[in-house]
Each structure stands twice: as C-alpha cells, then as structure tokens.
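First the proteins, then the strands, lettered A, B, ... as listed; each starts at 1.
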2 protein chains.
Amino acid sequence: MSRDETMVNAFVPGLGNLPPETEALVARRQRLLGPAYRLFYETPVHFVRAQGAWLYDAQGAAYLDCYNNVASLGHAHPRVLEATARQAAIYASHTRYLNDTVLDCAEKLLSHFPPELSQVMFTCTGSEANDLALRICFAATGGTGLVVTENAYHGVTHLMAGASPSLGPGVNLGPHVRTVPAPRDAASFAADVAAAFADLSRHGVKPAALLVDTIFSSDGVIPGAFLGPAVQATHEAGALMIADEVQPGFGRTGAHWWGFQTHGITPDLVTMGKPMGNGYPVAALVAKPEVLLPFGTKARYFNTFGGNAVACATAMAVMEVIETDDLLANASRIGALMAEGLRSLTHEALGETRQAGLFLGLDILEDGHPSAARAARLVNLLREARVLISATGPKGHVLKIRPPLILTEAQADLFLTATKAALRLL
Amino acid sequence: MSRDETMVNAFVPGLGNLPPETEALVARRQRLLGPAYRLFYETPVHFVRAQGAWLYDAQGAAYLDCYNNVASLGHAHPRVLEATARQAAIYASHTRYLNDTVLDCAEKLLSHFPPELSQVMFTCTGSEANDLALRICFAATGGTGLVVTENAYHGVTHLMAGASPSLGPGVNLGPHVRTVPAPRDAASFAADVAAAFADLSRHGVKPAALLVDTIFSSDGVIPGAFLGPAVQATHEAGALMIADEVQPGFGRTGAHWWGFQTHGITPDLVTMGKPMGNGYPVAALVAKPEVLLPFGTKARYFNTFGGNAVACATAMAVMEVIETDDLLANASRIGALMAEGLRSLTHEALGETRQAGLFLGLDILEDGHPSAARAARLVNLLREARVLISATGPKGHVLKIRPPLILTEAQADLFLTATKAALRLL
C-alpha cells in the first residue's frame, strides 16, 4: 500500500519497522476491520487508558493530548461520567415518549444561541446532523445545490462524503455540489459563493445551501470574520446557510461558544457533534423554526438513539462544566500563550501561526513553500516525544493543534518545549 | 394537524383531551424540538424510569414493555451498565489509535457469523450502517441501482430515507430505487427482484444491491425462508445482497442470532444496530472481505464515535449476556407461548398471527379486511392498560409486538390477559 495522499498523518502499512507487538496488532486489525480504516502515525500508538489531557500506552507511557477534540473537557471527566452513568441506570429511552431530559437539554443548548435559532433536533453524529440539515434545506428551498469549500470535510454518510472534497479523488462529489476556495477575505469569498450558486443554477440545479465549517479546519484552520457577505449572497441565491460547528463549537475558539459568532452572522441552521458528549455519541442541529417547518410538514424524523435521555444528560453535564469551569476563558488564555510561544520560535520551516482559542494551525514550509512531508515529519517527531497533534489543509502542510479546553499553562509549555526540540531534529 | 397516514400510532396534536401536565409537556416539546418529531399514542406517555421489562411514568405507574427492541436485555441491565461505566472511566477513544477493545468486540461479533463474513466496520446507528453498506456496494459494483420492499424502512440519512418507502409520500424515493412487494413465496419474490433489477438496467441504472430486513418488520412482520432464489437473482443481476438485521438481529427471532440464517442464505453484507448496545449508540456492518476491498482501496472510513472503546465494551457485554443467559432459548419459548395465546383468542378482529422468537405480528381486521383504525384502537387500549405495543405494515393493520428477550412467562400472561380485555372493549 502506498502513502495516502489525502491524509498526511495516515500510517502506511509496510513502510518502516514496527515493534513486534504493534505489528501483530496492526495485522489483527487489518484482518478484522478490513481495508478502509486508517491509523495515525508512522508508528501507530496503542493506547489503553486516558485521563485529563493524557493518554497512556500499553507500557504506561503518558502522551500529552494536543489533538483530540472529542474529550474536550479532558478524557474521563468525572462529572460527565457520573451524569452518564446516573441517567443510564434510571432511563435511557427515546423521543417517542415524553421525557424531560431531552427538553431540558434542548433548552440549555438554546440558551447559548441567538433567539432566532430556537429549535433543536438530535442525532448521534456530526455526519447525521449535517445530513439532516441538508435534507431540511432541500425541503425548505426545493433545491439541492450545495456549496462547500475546496478542502471541506462534513461527514461520512453518502450525502456528506459527496460534499467532503478532503476525502480525496476516490470519493466522488455529488453532481449537485460546487466548491469554492477557503476565504482570504470576505468580499472575494462572497463573490466565489455567488458564482458557485450561479453555476449550479446554470446547470439546472436550484440552490439549497452554503455549508461551511466556521473555522475552516480541513482547509487549514483559518479563523477570522469572513462570512457576512457570503451569507447575503447565499440568501440572494435562494439558499440557506448552515454553520458546521462540529469543530469550532462548544467554546473551542475561546471568544464564543460557536465559531459563527466570530463572523457576526446568524446562520439558518447550525450543526454540532464531537465534543458535545465528551466521548458519548451525541450530536444535534439548531435551526430557525421557519426553516424546519417545510421539512416537518412533509416528513417525520426519528433517530433511535438521537436525543435519548442518557445522551441528553451527558450533553447537559458537558455544557455545565464548560460554564462553571469557565473553559472559554481558559481556551482563550492558554491558546494565546501557545500561539505566542509558537510565533517566538525561529526556524525556516515555520510559516504563519493562526489561532482562535485552543484551535491552532501552523504552516510548515520548505524553501518557503508548503511542505506536507515536513509537516508529517514534525507530527511524527512530536509523537516520538509523546505529544499528539496532526496535520491538515489542502496541501497537508498545516499542523493541527487542538488540545482539550482544560489544558494548563504547564502543559502548554511542555508542548512548546517538545515542538522546539522536534524542530531541532527536523 | 391531521392524522399521520404513514404512522398509525402517531400522536396527533389537537385530537382528544390531554391531562394538563401532558398538554404542557407536549407544547414545550413542540416549541423546542419543532414539527418533525412524533410521539406515540393518542395520549402520549411520560416516562421517567425503566427497569427490566418495565417502564414507569411520572406518577410511578408501571408499563409492561412489549415494544422496545433497543433495551433487548431489559432496561438498565446491570452487567451492561457496569461494562459501559467501567470502560468510559478507562478509555473511550477512537479507531485511529490501536486499541484491543474494538478488535475483541469485532472478533466476538464475527464468532456469530459464517466464516465468509469476516470483517466488521463500526458506526453509531443502523442508518449509518445501511448508508455505509450501500456506499460499499456502489464501489464494488460500479452501480447504484437498489431494490427494497414496498413498505421498507432502512434509516434516516438522505440516502436511506430515499430507500424507505414507509416514510410516506412526503419523502421522495431516490431515482435509483425500485420497490418490490414483500414476499409471499420465494419464487415470486425472486421474480419480482429480477424484474426490478431489469427495470433499473433498462433505465441505465446499473444494479448495486438488494437490501431487505430479513423479517420484513415494516412490511408487516413476515417470518419465513424466502430469500434464497432472490439472492441468486441479485447476483445474476451483478448486484450484492445486504441483510438488514437492525430488527431481527441479536437473537430476537429465537432460532438464530440473525434473521438471514432462517432463509438459509449468506448475505454479502449484514447491517445491525438497535439492540447492539442495549441503549448505548452502537451499530455495525459485517461483510465479505472481497466486497469491502474496492471501497477500502478508493476511500477511507472514519466514524468519530463508531468503534470507540466504550461502544465496543458495551456491545461485548450485550453479546455475553445473550450467550450466558441463553436468551435465544427464552425468546423461542416465550415467543411461542405468546403466539399460542394469541391464536387461542377468538374475536372477529383477529387475523393471522406471525411469530419468530419474540417478534410477533398480528393482523387486525374489520369485516374481514385490514383495519388500521382498529389496530390503532387496540394499541391505545393496551396503552391504557399499561402494556406497550405498536402497529405497522403497509396498511397499518399489523400489531407489532416486540418485548425484551428477557420476558418471563408471567409477563407474557399479563400481555395476553391485557390483550383479551382490550379486545372486549374494541
């Protein structure tokens, strides 16, 4: 098997020598899970335990987690574990019976949104939330035309994989999908979006939605305030705007609960997932009622596990911890320290550092040009130093640094020290 | 709002008088969750607690669960709760690191399959499993043509909703989808499947898959051995056969772990979900390696929560309980008692009883014709008697009875007594 050009940090079987225990586990995994799964790193890591910002391998070695945005409150957060276990022992059932927990959770979630965004639908994964958001836009607009950014990732259902160019040329985009470059500035992004909708219309495809990750994670981590004019262009084309908050949501950007707030916009729909249950599978969308109405009139929605009482009790505990521990403030403070530290490093491989809260992107260069190979090398050097990050972007040259929101100053220092050492070995 | 013709047991707001507490909860729910959600029953039930085969309402009244197939081992099963909580406190992370739990779970799952079906992929929901199974068939065949039964239900992603005629005329079927009547006998079903694939080919749509629930739940619960010749017709058309085991799987039919075994076939792919985690969101597909290969060569698959260590520890506990408590034997024995009991009742509303293990379908008639109205009336009479069932089928006239696999003889008697009393009030 050759290197996966579409995933810079994918393990490639057959390259390099693995420790025998790792080799055996990789072979067993290949046999049982088949050819579609990917591992991280040149030498995959075998984890058996995790706590807070730390993951522990089979030999007991601790790795600092600067990557996993699901356990956003830290791995195995006791208050979340307690809420999940307590509710699971009492009542776990679904949304076709009346139950308070799903409503309490919806209310708490909506308290973090502008008042126009006042209804919630629950799913299990971000993929399902984006897929449902699109079905809702199809019903509301009568169209199917969809615009996404050129290295977007929005999920793994058939519909969403077809709207995720970052999955590479082996996965076809839908014929109703157009891509635009990630934003450099608000005006040119709006012009690109307008042109994409015009092209869809020209091909007889009625516009339905602009779908963007509001921090453009897979496009290279691009924080900023770009989306106002693009939303206007979207509405002028008769389409709706979906903010995909699976990555920036739940306070990761520090300044706000949701990435769209940085852009000063109110989306028509907002999708969310990963950190919502700190590991428990729960996701959702929030929408304007008038946007949901045409779908709800034509179709019913039932997701067996979506909105079950345990998922909702867990999500409530996550929101409570974010609130009471003031994790947005910590994300802002520690994220700024990390960005400052990275910017103070001097090495010809280092390009721009972009940062919003605890989401950082760092361009890696060789001879002044984007270098996926060097980015991969740094990711693997840091893995050897027991610090976990990854790389992303259309050219694969952007270090993706995304620690839990509870990261301490000492842990940020450890990350910076390890990065400095890795650069020396580059 | 008028009655939902596509869901016989849906609560219709505005019909009938609700207790004030229920009215208030329904209104709050409508406000927070919007128009696409449906409740069960003329008077929705407000549950706050569940244990074993019992659900408890806000006043503490106990309802016998003869419907929910997620908590298949009984609600809040202590061994499953313990396995979930234990693993969640240790390690919950995903499939891009090596971890034993996902492999142990895959191995245990595969031990219940014929040897040709030897690889597992994990998702969070049955919808995601079916959606992924179809993506795999598209890659393996180069086609997209799909055949399903005429009142099939296979999920809520865009792709699967478009393959679920039971969602009603408000949800469009995909242009690549054809429907066939549910089987009456093996030969005519195979002929219908062959004709449907021929029609797809005639329209330039290359055949990809036959997808059937192996107990035809939403088609009216039709146990039997119908699928052999249809699988042959599917392969002759160049398509693959997917057995949707979300409903019959994990021992519900008593005789086997999977519904396809009753048909004496080996599907190319098998999907599963609902009871797999006894309430924890976990689902999967099992496939022949040669079927997965073309997909895995072109595309990678990553599902953030799919195959996480907690999901897998939970699914293992579920499988262990099914094995050690010999729940297939209990499903066979109690299911047979229930079928015998229903068949011994005399009432002109009662048509055929169909049964496999603890999955029963009972036709309800008026003047010898299928009657959805009478079925709904019986479902609601039983709800008043605190016994939970529902109704299904293309004409909505089939009582759907699907208790947990742990149902006791005394609980089966209680169900039969309540049904007898409800018939007297019909």
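When each of A:T157, A:L159, A:V156 is paired with B:D131, the side chain to side chain contact (heavy atoms under 4.5 Å, CB included) condition holds for A:T157 and for no other. Of the candidates B:D104, B:L110, B:V120, A:L32 forms a side chain to side chain contact (heavy atoms under 4.5 Å, CB included) with just one, namely B:L110.
Nearest heavy atom pair, residue A:A89 against residue B:L81, reads CA-CD1, 3.7 Å. The shortest heavy-atom contact between A:K274 and B:F305 is O-CZ, 3.5 Å. Looking at every heavy atom in both residues, B:E107 comes nearest to A:R31 through OE2-NH2, 3.4 Å. Closest heavy-atom contact between A:F302 and B:Y153: O-OH, 4.1 Å.
Taking 4.5 Å as the limit, some side-chain heavy atom of B:H94 sits within range of a side-chain heavy atom of A:F40. At a threshold of 4.5 Å between non-hydrogen side-chain atoms, the residues B:P35 and A:L292 count as touching. Contact of the B:M121 side chain with the A:Y37 side chain is registered, since non-hydrogen atoms from C-beta on lie closer than 4.5 Å.
Between chain A and the options B:T123, B:N68, B:V26, B:V80, heavy-atom pairs under 4.5 Å are most frequent for B:N68. Chosen from B:Q51, B:H75, B:H46, B:K298, the residue pairing most often with chain A at heavy-atom distances under 4.5 Å is B:H46. For the options B:A88, B:A106, B:P44, heavy-atom pairs under 4.5 Å to chain A are most numerous at B:A88. For chain B, the option among A:G34, A:G277, A:A36, A:G155 with the highest count of heavy-atom pairs below 4.5 Å is A:A36. Listed options B:D100, B:L293, B:D57 were ranked by heavy-atom pairs under 4.5 angstrom with chain A; first place goes to B:D100. Contact tally against chain A (heavy-atom pairs below 4.5 Å) for B:C124, B:P78, B:A85: the top residue is B:C124. By number of non-hydrogen pairs under 4.5 angstrom with chain A, the leading residue of B:A92, B:A309, B:A299 is B:A299.
For chain A, no part of B:Y63 is nearby; none of its heavy atoms comes within less than 4.5 Å. Interface remark: B:L109 contributes no atoms to any contact with chain A (heavy atom separation under 4.5 Å). In this structure, chain B has heavy atoms under 4.5 Å from both the backbone and the side chain of A:N99. Only the side chain of B:R135 comes within contact range of chain A, judged by heavy atoms closer than 4.5 Å. Residue B:Q87 does not touch chain A at all, counting heavy-atom pairs closer than 4.5 Å. Within the 4.5 angstrom heavy-atom criterion, no atom of A:L134 approaches chain B. Looking at B:I136, neither its backbone nor its side chain comes within 4.5 Å of chain A, counting heavy atoms on both sides.
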Working for side-chain contact (heavy atoms from CB on, under 4.5 Å), residues A:R28 and B:L98:
CA-CA 10 Å; A:R28 184 175 171 223; B:L98 292 167; over 6 Å; no
Dump the intermediate steps for side-chain contact (heavy atoms from CB on, under 4.5 Å) on A:L33 and B:L103, then the final yes or no.
CA-CA 8 Å; A:L33 306 186; B:L103 303 182; 4.1 Å; yes
Start with the C-alpha gap between B:R300 and A:V171, add the side-chain angles, then the distance that decides, and say whether side-chain contact (heavy atoms from CB on, under 4.5 Å) holds.
CA-CA 9 Å; B:R300 61 179 189 264; A:V171 180; over 6 Å; no
Residue pair A:F11, B:R96: steps toward the side-chain contact (heavy atoms from CB on, under 4.5 Å) verdict
CA-CA 9 Å; A:F11 164 69; B:R96 280 182 173 165; over 6 Å; no
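Here CG of B:L388 is found 9.5 Å from OG of A:S93. Values are rounded to the nearest 0.5 Å.
Counting only N and O atoms by type, the side chains of B:S127 and A:E128 include no donor and acceptor under 3.5 Å apart.
Along residues 279-289 of chain B, the residues that come nearer than 4.5 angstrom to chain A, judged on non-hydrogen atoms, are B:G279, B:Y280, B:P281, B:V282 in order of number.
One N or O on the side chain of B:R29 and one on the backbone of A:T95 form a donor-acceptor pair closer than 3.5 Å.
Between B:Y97 and A:Y41, the two ring planes are parallel [angle under 30°; tilted spans 30° to 60°].
B:K108 meets the salt bridge (charged side-chain N to carboxylate O under 4.0 Å, His left out) test with B:E323; sequence neighbours excluded.
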